[in-house]
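These notes are about the structure you will find just below.
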Number of protein chains: 2
Amino acid sequence: MNISRAAQQSGLTVKALRYYESIHLLQPGRSANGYRDYSERDLETLRFIQRARSVGFSVEEVRDLLELHQNPSRRSHDAKLLVLGKLEHVETQLRNLREMRTTLRDLAQRCAGDESPECAILDRLAGGEHD
Amino acid sequence: MNISRAAQQSGLTVKALRYYESIHLLQPGRSANGYRDYSERDLETLRFIQRARSVGFSVEEVRDLLELHQNPSRRSHDAKLLVLGKLEHVETQLRNLREMRTTLRDLAQRCAGDESPECAILDRLAGGEHD
DNA sequence: TTAAAGATTACCGCAAGGGTAAGGTCAAGC
DNA sequence: GCTTGACCTTACCCTTGCGGTAATCTTTAA
């Protein structure tokens, strides 16, 4: 199957597939005309990659996951460690974003948002008094 | 004041200050020896930048905020729009991360995490049955 | 005097592809 | 046979926000 169909069937982009080949994450075969030729097995791998990426894993982490996936003598312990590590990372990001949200809400709430130049947002960012 | 002190006093890095100059966000003066020379006003601007960045604004958004800050005939409406836009963006990210967290927790919970190769995480990523 | 500390510019690198150019290939319609 | 359009190829630059390193001044302290 050619690249655009593989992209479509996996939920990835053509650019991404070519990129994954360039970093040796997934090497499809080639047809006689030089076109990339994705097998059914390649497609399953692409779907694996897509799912892992959508959960937040980096491409390098996906590489590790794929290796485990393809290794029959793996220990589920190792896969779980990757997931727990990512989970922790996600929770850290969540905390940071919640803090940002609080501050942004606070800023927005104090600003009239009218035609006047008087603006609590800018005052605060400038280090103005808090309350 | 020289660059390292300005960095220290603003909570930014020396590299960041040089970068901000290179993109014309803040142009400090120069001493006779060619060293950058940050004034007190520059320092306040740097602190403004630091606060805005820490709340999640991109450098280009900070540029807009600075412009408003320095424009006496601004309308607070414009500043508020920037904050509300950023708030929306942060909330979108929060939703995405919460979804990732749910999936990751689900994955972790189903995996024994022992010495066996049997692993629900890898099965799921491979498109295995759900429940 | 000399060595350490701090400054300068310049360039390469990251993540994860997106965008575009210049060109080969393939199938359909005339 | 010919052309057109859709699809494929490689190659190279762009993005964000700096971090790291090198080679080269300047200043400061011992």
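For clarity, every value in this text was computed on a predicted model and none was experimentally measured. Throughout, a chain's letter reflects where its sequence line sits, starting with A, and its residues are numbered from 1.
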* Which of the following nucleotides, C:dA7, D:dC7, C:dA16, is nearest to the side chain of B:Ser4? -> C:dA7
* Asked: Taking atom C1' of C:dA27 as reference, at what distance in whole Å does atom OH of A:Tyr35 sit?
  -> 11 Å
* Count the heavy atoms of every other residue, nucleotide or ligand shown that sit under 6.0 Å from CD of B:Glu99, and state whether that count exceeds 12. => no
* To do: Identify whether any heavy atom of B:Ile3 sits under 4.0 Å from a base atom; if not, whether one sits that close to sugar-phosphate; answer base, sugar-phosphate or nothing.
  => sugar-phosphate
* Asked: Roughly how many Å is it from CG in A:Leu26 to P in C:dA16, rounded to a whole number?
  -> 16 Å
* Could you tell me whether A:Arg98 atom CZ has more than 12 heavy atoms of other residues or ligands within 6.0 Å of it? => yes
* Asked: Would you say the base of C:dG17 and the side-chain of A:Tyr20 have a donor-acceptor pair closer than 3.5 Å?
  -> no
* Nearest-Å distance for atom pair CG/P, residues B:Asn2 and C:dA5 -> 16 Å
* Structure fact -> Taken to the nearest 0.5 Å, the spacing of A:Tyr38 OH from A:Arg30 CZ works out to 7.5 Å
* Options C:dA16, C:dC26, D:dG17, nucleotide nearest the side-chain atoms of A:Asn33 -> C:dC26
* Integer-rounded Å distance: C:dA7 P and B:Tyr38 OH -> 10 Å
* Asked: Which part of the nucleic acid, if any, lies within reach of A:Arg30 when heavy atoms closer than 4.0 Å are counted: base, sugar-phosphate only, or nothing?
  -> sugar-phosphate
* Got a donor-acceptor pair under 3.5 Å from the side chain of B:Lys15 to the base of D:dG17? -> no
* Once you round it to whole Å, what is the distance between P of D:dT16 and CZ of B:Arg63? -> 11 Å
* Asked: Strictly by modelled atom types, are B:Asp78 and B:Ser76 linked by a side-chain donor-acceptor pair under 3.5 Å?
  -> no
* Pick base, sugar-phosphate or nothing for A:Arg18, based on heavy-atom distances below 4.0 Å to the nucleic acid. => base
* Could you tell me whether the side chains of A:Asp106 and A:Thr103 share a donor-acceptor contact shorter than 3.5 Å? => no
* For B:Arg36 and C:dT8, is the shortest distance between a side-chain N/O and OP1 or OP2 below 4.0 Å? -> yes
* Starting from P on D:dT9, measure out to CG on A:Asp37 and report it in whole angstrom. => 10 Å
* Asked: Does a nitrogen or oxygen in the side chain of B:Thr13 sit under 4.0 Å from OP1 or OP2 of D:dG19?
  -> yes
* Among C:dA16, D:dG17, C:dG6, the one nearest A:Arg53 by side-chain distance -> C:dA16
* Structure fact -> Taken to the nearest whole Å, CG/B:Leu17 to C1'/C:dA7 is 13 Å
